[in-house]
Amino acid sequence: MKQTLTDRQERMNMIIKEGSYAQLGVSQQCEWTNFTFCGEKEDQCFVVLLHAGEQKPERIAVPEEYCLGSLRSIAIKNLKPDEYTYYFEINGNRVMDPYAHGIRGRQIWNDSARREVNYEVCASLVPQKAQKCKILSPETDRSDMIMYKLHVRGFTMDSGTKTAGTFKAVINRIPYLKKLGITTVELMPVYEFEEIEFLPEEKIPEYIRWEEHEKDMIKPSQRKVKAPPEVNYWGYKEGNYFAVKASYASDPENASEEYRTLIRKLHENRMECIMEMYFEDDTNHNLILDALRYWVKEYQVDGFHLLGTNLPITAIVQDQILSRTKIFYVGFDEKVCRESRKYKNLFIYKDEYMYPARRILNQFNGNMQDFMNQQRKQGEYFGFVNYITGNNGFTLADLFMYNDKHNEANGEDNQDGSVWNFSNNHGVEGPTRKRSINAVRRRKWRNSMLMLFLAQGVPLIWSGDEICNSQSGNNNAYCQDNPIGWLNWKNEKTHQRELDFLRRLIAFRKEHKILSCDKPFQFSDYKFLGSPDLSYHGENAWQQRPLEGRQSLGVMYCGAYADEKKDAEDVYTAYNFSQEEAGLALPKLPREKEWYLVIDSSDDEHPFLQEPKACDMDQLIVLPQTICVLVSRKKEETVREEQLPKEKRENRKMRRKSK
């Protein structure tokens, strides 16, 4: 096909040449604008330019000579990027540039104007601004990570500010997250996607239309069928993987800069930003790799939670640009993981912690062996992410408030969403004023948080769980862009007790490194430090029946295996998930040390004891449905003695010897 210019193109003094194939999408090289896209030599290809002040688009043919492999590339001289948008036309079909850095036409979330037939969504030619101030990633060690997952819009829509539902509103919440103890923020999709669901029109042929007659024995149904949802609130669909979602910015024209500011502010507060990326099965593997590299190079993103079943995960793991980027996925080839890597950046992220935890919490034939395997789960070459709730399923409050899912508002006759929730309403479906039921629900909430933060893997909180946010029993709020799917920030005032408990629990985990040890436990004293790194205890110390069938267990962590200090605190966790009291043996400590009870989930007022309680007995009695935590510390008498002058300490020792 011979390249020719139209009269209009000649008037525009348009000069074209074969482009560079080095970079897909649009790139600028001095006065040349380069367009490179997928197009076979046999295809008829055009770059279609739309000028802001003109109705008629400009179609620029890309000749077959401008072809390398399966790529077409054309360069246009002196094109003003801020005056044009564009798309590609291949064999008569309109194609959006998958490498576009900005999308024009989606600046307003769920804009009804986009349902108009002639409404156009195009790619932007304006180049993205480079980040002015690069702040290095915190690169938080996995043993120190506390993750928090949120939806940018849902997290802030109830904030009561003009910037609600935007990156700027999330920035305003960074102090809240930092005070809580969060180190790593995971964002649900923030790349461009079309949230509006354009449903195909189903026209019934005339010959089968119902014509009602008086003698008809059967009448047409008068029941109104609710229309299927028209918004994909979560964004798990094919997207424009190189563009920031404009409608998530308070200033849609500067969405990329606002997102960069969010990442920069997180880094300034020593917090990481993880992007959730969903790819359809047929997504080109080269595009996936290019997209991940792009967000790292241009935005300094710290990691990716990858969703999809046909991803080039081995290539991603071995990519040198991504070698210091955290990768979260359902699984990895262990042979690849064993390759020398100084920075541990791989994490297995799936539901395997959630179900054993829920089952033992809510008495669904919970298995202590399965649960304890999850509590001590750790990889030599990769870490694990643990969570009890997430966006897909009940919130933590609803897990103890509803027996059944209530997804009627989704318009799918409550047929959507998982039926395997292992939830328990404890006597009333939904909210109640019964104090006894609410007390049980609060205890279950505390037990859940204790389980999660006493587990060895990385704990993840679903946004709002820290303040008992409810979705009214909806366990699949994918289309609920309303108060059902939004975080209710009024709960922040009414749940200060829960917030305080969680802050102290996160601090406790960080202070006791043994709880998040980044190496698998061996159940032995292989360093000769006085106790096994991990040990289980039943009615008798160091002895327990097989875990199968048990509902109570004592677990001791030898603190010296975390920092190898003689005075490091050991941690003893007593679990009792039964309906009766349980007696669990406390292992004997060196003479100068004693066990101190610091957490008791059965205490509704002060689950973190105001003063640690010395436990000099051989056995701890644990109430039903309760978790207790003890630490080994020097006896109060010993502490007081150390505060005495040296001469008086020696005299006291002599008196003890004489006795």
Side-chain angles (χ1 to χ4, degrees), residues 128-156 159 161-191 244-246 248-277 292-305 321-328 343-345 347 385 458-461 463-464 466 487 489 492 499 502-503 506-507 509-511 516:
Q128 300 299 301
K129 298 177 183 178
Q131 188 155 338
K132 297 177 182 178
C133 179
K134 180 178 179 180
I135 298 177
L136 294 177
S137 167
E139 291 192 347
T140 305
D141 290 339
R142 73 184 188 193
S143 60
D144 295 325
M145 287 172 60
I146 308 293
M147 295 184 68
Y148 189 96
K149 183 176 180 180
L150 62 87
H151 184 286
V152 166
R153 185 171 171 83
F155 182 63
T156 60
S159 62
T161 64
K162 293 181 179 179
T163 59
T166 68
F167 298 122
K168 185 170 285 189
V170 177
I171 292 172
N172 294 336
R173 275 285 166 180
I174 288 177
Y176 166 86
L177 296 173
K178 185 176 182 179
K179 184 178 179 181
L180 193 59
I182 303 302
T183 68
T184 307
V185 177
E186 178 184 349
L187 305 177
M188 292 174 68
V190 295
Y191 50 82
V244 176
K245 186 149 187 62
Y248 281 179
S250 60
D251 179 6
E253 301 300 323
N254 293 295
S256 61
E257 185 59 29
E258 193 168 314
Y259 184 43
R260 281 192 176 96
T261 301
L262 169 59
I263 296 172
R264 186 170 65 249
K265 291 294 184 182
L266 286 170
H267 287 179
E268 287 175 356
N269 286 275
R270 305 296 300 164
M271 298 166 74
E272 300 171 307
C273 179
I274 307 298
M275 287 181 66
E276 201 168 37
M277 304 286 289
L292 302 185
R293 294 183 191 122
Y294 171 77
W295 292 107
V296 171
K297 290 188 293 184
E298 298 297 327
Y299 290 82
Q300 283 76 58
V301 167
D302 302 285
F304 301 100
H305 176 198
I321 291 178
L322 303 175
S323 66
R324 300 193 76 86
T325 301
K326 291 179 177 177
I327 305 298
F328 301 82
Y343 181 62
K344 296 180 179 179
N345 67 324
F347 298 82
V385 176
V458 177
L460 180 142
I461 303 170
S463 63
E466 73 277 14
L487 197 159
W489 282 108
E492 186 180 3
L499 275 173
L502 185 54
R503 290 189 193 109
I506 291 174
R509 177 184 174 89
K510 291 181 178 180
E511 290 166 2
S516 56

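These numbers come from a predicted model, not from an experiment.
Checked by atom type and distance alone, the side chain of E186 never pairs as donor or acceptor with a backbone atom of H305 at under 3.5 Å. Between the side chain of D302 and the backbone N or O of C273, at least one donor-acceptor pair lies under 3.5 Å. The backbone N or O of I327 sits nowhere less than 3.5 Å from a side-chain atom of N345 that would complete a donor-acceptor pair. Between the side chain of T166 and the main chain of A249, no donor-acceptor pair closer than 3.5 Å is present. Not one N or O on the side chain of R142 forms a donor-acceptor pair closer than 3.5 Å with the backbone of S516. The closest donor-acceptor contact from the side chain of W295 to the backbone of G303 lies at 3.5 Å or more, if one exists at all.
The side-chain contact (heavy atoms from CB on, under 4.5 Å) test applied to T261 returns I171, E257, R264, K265, not counting sequence neighbours. Under the salt bridge (Lys or Arg N to Asp or Glu O under 4.0 Å) criterion, K245 pairs with E192, E195, sequence neighbours left out. The salt bridge (Lys or Arg N to Asp or Glu O under 4.0 Å) check on R293 picks up D290, D319, with sequence neighbours excluded.
The line from CE of M145 to CG of L460 is 9.0 Å long, rounded to the nearest 0.5 Å. For the atom pair CZ (F347) and CE (M147), the distance works out to 8.0 Å, reported to the nearest 0.5 Å. The distance from the OG atom of S256 to the CD atom of E298 is 10.0 Å, given to the nearest 0.5 Å. The CG atom of D251 lies 12.0 Å from the OG1 atom of T163; values are rounded to the nearest 0.5 Å. Taken to the nearest 0.5 Å, the NZ atom of K297 stands 5.0 Å off from the CD1 atom of I321. To the nearest 0.5 angstrom, T183 atom OG1 is 10.0 Å from D141 atom CG.
With a 4.5 Å cut-off on side-chain heavy atoms, V301 and L292 do not count as touching. Two residues are said to be in side-chain contact when any heavy atoms from C-beta on lie closer than 4.5 Å; L180 and R503 meet this criterion. Counting only heavy atoms from C-beta outward, the side chains of V185 and L266 approach each other to under 4.5 Å. Residues L502 and I461 have side chains in contact (heavy-atom distance under 4.5 Å, counting atoms from C-beta outward). Counting heavy atoms from C-beta on, the side chains of R153 and M188 never come closer than 4.5 Å. No side-chain heavy atom of M275 sits less than 4.5 Å from a side-chain heavy atom of Y299. Side chains of M271 and P138 form no contact here, defined as non-hydrogen atoms less than 4.5 Å apart. Annotation: side chain of R509 is in contact with side chain of P459 (closest heavy-atom distance under 4.5 Å).
Checked options L187, T156, L487; the residue passing with L150 is L187 (criterion: side-chain contact (heavy atoms from CB on, under 4.5 Å)). Remark: of the listed residues K326, K344, R324, R324 is the sole one forming a salt bridge (Lys or Arg N to Asp or Glu O under 4.0 Å) with E139.
The minimum heavy-atom distance between T325 and Y343, with the atom names listed, is N-CE2, 4.4 Å. Nearest heavy atoms, Q300 versus I263: O-CG2, 3.8 Å. The minimum heavy-atom distance linking G181 with K510 is given by the pair O-NZ, 2.9 Å. The heavy-atom pair separating A169 from A164 by the smallest distance is CB-CA, 4.3 Å. Contact between P189 and Y248 at its shortest, heavy atoms only, is O-CE1, 3.5 Å.
Ionic pairing of K168 and E258 is not present here: no N-O contact between side-chain nitrogen and carboxylate oxygen is shorter than 4.0 angstrom.
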#### Entry: Steps toward side chain to side chain contact (heavy atoms under 4.5 Å, CB included) verdict (T140, I146)
CA-CA 10 Å; T140 305; I146 308 293; over 6 Å; no
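Remark: the Y148 side chain and the E466 side chain contain an N/O donor-acceptor pair separated by less than 3.5 Å.
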